[in-house]
Amino acid sequence: MSAEDPLVHLLWINAGLSCDGDSVALTAATQPSIEEIATRALPGLPRVALHWPLLDYECGPQGGAEDFMGWFHRAARGELDPFVLVVEGSVPNEAVKREGYWTGFGNDPATGQPITVCEWLDRLTPMATAVVAAGTCAAYGGVHAMAGNPTGAMGLPDYLGWQWRSKADIPIVCVPGCPVQPDSFAETLVHLLYQITGQAPAIELDDSLRPTWLFGRTVHENCGLAGYYEQGGFAAGYGQEQCLVKIGCWGPAVKCNVPRRGWINGVGGCPNVGGVCIACTMPGFPDHFMPFMDEPHGMPTPPPSEGLYATFVRTLRTVVLYEAEKEPEWRRPGGSLATGYTAPWEDAGGDGEHGG
Ligand code: SF4
Ligand code: SF4
């Protein structure tokens with residue numbers, strides 16, 4: 001890679017068992033936007049060549065510089081370096097399919113047959129500088145890996161191994177969410193682009209391979225309704241501005257920054273705007289958290305602040321609030337000043353120049 005003007009290829013496979021929701025979500029990012037990443041609007045960003053089915057102005061299937069799938073074949077032959085491989089959608093178990101394939105991406109020119117996503121992972125991951133799982137399906141299996149699914153689907157770390165590291169010694173980077181929070185994903189990409197061009201330290205990940213700065217806190221710790229929870233104010237149905245834990249919110253047991261960050265430009269979210277958290281960023285999603293509309297099982301609710309103590313705290317706060325709502329009485333018109341101010345020269349003690 002040229003130190004002066006590095007070019008990083010970003011190869012995106014959205015042909016896992018996926019709905020493309022994470023691709024669509026990324027187009028809503030603003031901090032930074034995908035356009036800003038692609039056009040190097042941030043200082044120090046390397047040139048990026050996007051090979052993303054959703055948006056590819058480098059080549060395109062026809063009329064562009066080269067056939068879209070050609071870049072993936074070049075990467076597999078070791079001709080692209082560095083490149084970041086982004087995988088969207090869960091990885092099916094092709095070994096349990098007797099004929100055909102669960103999911104493929106492009107055709108093999110020699111046979112005309114689809115190349116399975118598993119085969120692409122086998123070809124590309126040894127060559128990749130970094131591998132990123134976009135969304136919960138790619139990270140942990142997600143909805144497609146639910147009990148009863150016919151495909152034996154799993155996440156990237158299940159397929160490659162949780163200890164897997166790229167040739168640049170970078171672990172699999174998982175950005176879960178169903179879909180991913182747009183800015184969280186954009187930020188992670190930017191960090192990796194800086195890291196692989198020597199401008200940022202190694203990305204810090206938790207045990208589930210999530211960036212720690214994004215997934216270090218629980219939904220509950222980020223939630224604007226936590227004040228209600230703390231004083232025992234619980235919604236009994238939708239549309240009530242109270243804590244939603246009794247109608248299905250899993251927030252206290254879920255790692256996610258959405259209630260703090262909002263969805264797009266700080267707008268939206270989940271429990272903070274009235275929708276229960278269904279734990280869509282978690283490795284155990286969705287099976288461990290269903291049925292979604294029931295009070296979470298196995299979580300200590302009601303919280304310790306419910307009951308008599310909560311009533312006492314609420315009453316005290318109401319009294320303090322009543323006082324806080326009133327302005328001090330000296331803020332009024334009239335001929336006399338009642339703020340307590342005394343001019344120094346009117347000081348009755350007479351210590352100044354008028355004194356002694
Ligand atoms: S709505 Fe959910 S995340 Fe918010 S305070 Fe209640 S339990 Fe916590
Ligand atoms: S708050 Fe809960 S449901 Fe919403 S994105 Fe985060 S984990 Fe998913």
Side-chain angles (χ1 to χ4, degrees), residues 28-33 36 181-184 186-187 213-278 293 295-296 299-356:
T30 60
Q31 294 179 337
S33 68
E36 286 170 315
Q181 201 281 350
D183 289 332
S184 293
E187 238 179 60
W213 80 92
L214 299 170
F215 294 92
R217 286 184 181 182
T218 64
V219 167
H220 186 65
E221 286 161 349
N222 284 319
C223 181
L225 298 178
Y228 291 107
Y229 179 102
E230 179 250 355
Q231 55 190 22
F234 299 108
Y238 287 97
Q240 301 170 6
E241 195 175 333
Q242 301 276 345
C243 165
L244 310 173
V245 73
K246 290 186 178 299
I247 56 172
C249 183
W250 276 92
V254 175
K255 300 267 188 77
C256 176
N257 63 355
V258 160
R260 174 174 293 255
R261 188 160 214 176
W263 203 257
I264 302 173
N265 275 335
V267 177
C270 299
N272 53 313
V273 289
V276 296
C277 169
I278 59 171
M293 302 307 169
E295 186 173 345
M299 200 160 67
T301 57
S305 57
E306 202 181 15
L308 268 183
Y309 175 71
T311 309
F312 177 64
V313 168
R314 267 203 307 271
T315 308
L316 272 185
R317 286 177 183 169
T318 307
V319 172
V320 176
L321 182 66
Y322 176 76
E323 287 303 316
E325 293 274 36
K326 291 193 290 190
E327 279 196 78
E329 51 82 26
W330 57 80
R331 295 181 192 166
R332 54 177 167 71
S336 62
L337 182 70
T339 64
Y341 174 77
T342 308
W345 56 89
E346 289 171 350
D347 186 348
D351 293 325
E353 57 184 288
H354 302 292

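Everything numeric here is computed off the predicted structure, so don't read it as measured data.
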Within this structure, what is the [atom1]-[atom2] distance for the pair [X] and [Y], rounded to the nearest 0.5 Å?
X	Y	atom1	atom2	answer
Tyr229	Lys246	OH	NZ	9.0 Å
Gln231	Phe312	CD	CZ	13.5 Å
Arg332	Thr339	CZ	OG1	9.5 Å
His220	Cys249	NE2	SG	9.0 Å
Gln31	Ile264	CD	CD1	11.5 Å

Please tell me if the side chains of Trp250 and Ile278 come closer than 4.5 Å, counting only heavy atoms from C-beta onward.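 In short, these two side chains do not touch, never coming nearer than 4.5 Å.
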Cys270 side chain reached by Val219 side chain, heavy atoms, under 4.5 Å: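 They are not in contact (no side-chain heavy atoms under 4.5 Å apart), so the answer is no.
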Any idea which heavy atoms bring [X] and [Y] closest together, and the distance?
X	Y	result
Leu214	Asn257	O-CB, 3.4 Å
Pro259	Cys223	CB-CA, 3.9 Å
Gln181	Trp263	NE2-O, 3.1 Å

I'd like to know if the side chain of Asn222 reaches the main chain of Cys256, judged simply by a donor and an acceptor atom lying under 3.5 Å from each other, with no hydrogens or angles considered.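 Yes; at least one donor-acceptor contact below 3.5 Å.
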Glu187 side chain to Pro32 backbone, donor-acceptor under 3.5 Å: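 Side chain of Glu187 to backbone of Pro32: no pair is present.
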Which donor-acceptor pairs under 3.5 Å do side chains of residues 319-331 form with protein atoms, sequence neighbours excluded?
| from | atom 1 | to | atom 2 | distance (Å) |
| --- | --- | --- | --- | --- |
| Glu323 | OE2 | Lys326 | NZ | 3.3 |
| Glu327 | OE1 | Arg331 | NH1 | 3.2 |

In residues 233-241, what donor-acceptor pairs under 3.5 Å come from side-chain atoms, sequence neighbours left out?
| from | atom 1 | to | atom 2 | distance (Å) |
| --- | --- | --- | --- | --- |
| Tyr238 | OH | Ile247 | O | 3.4 |
| Gln240 | OE1 | Ala236 | N | 2.8 |

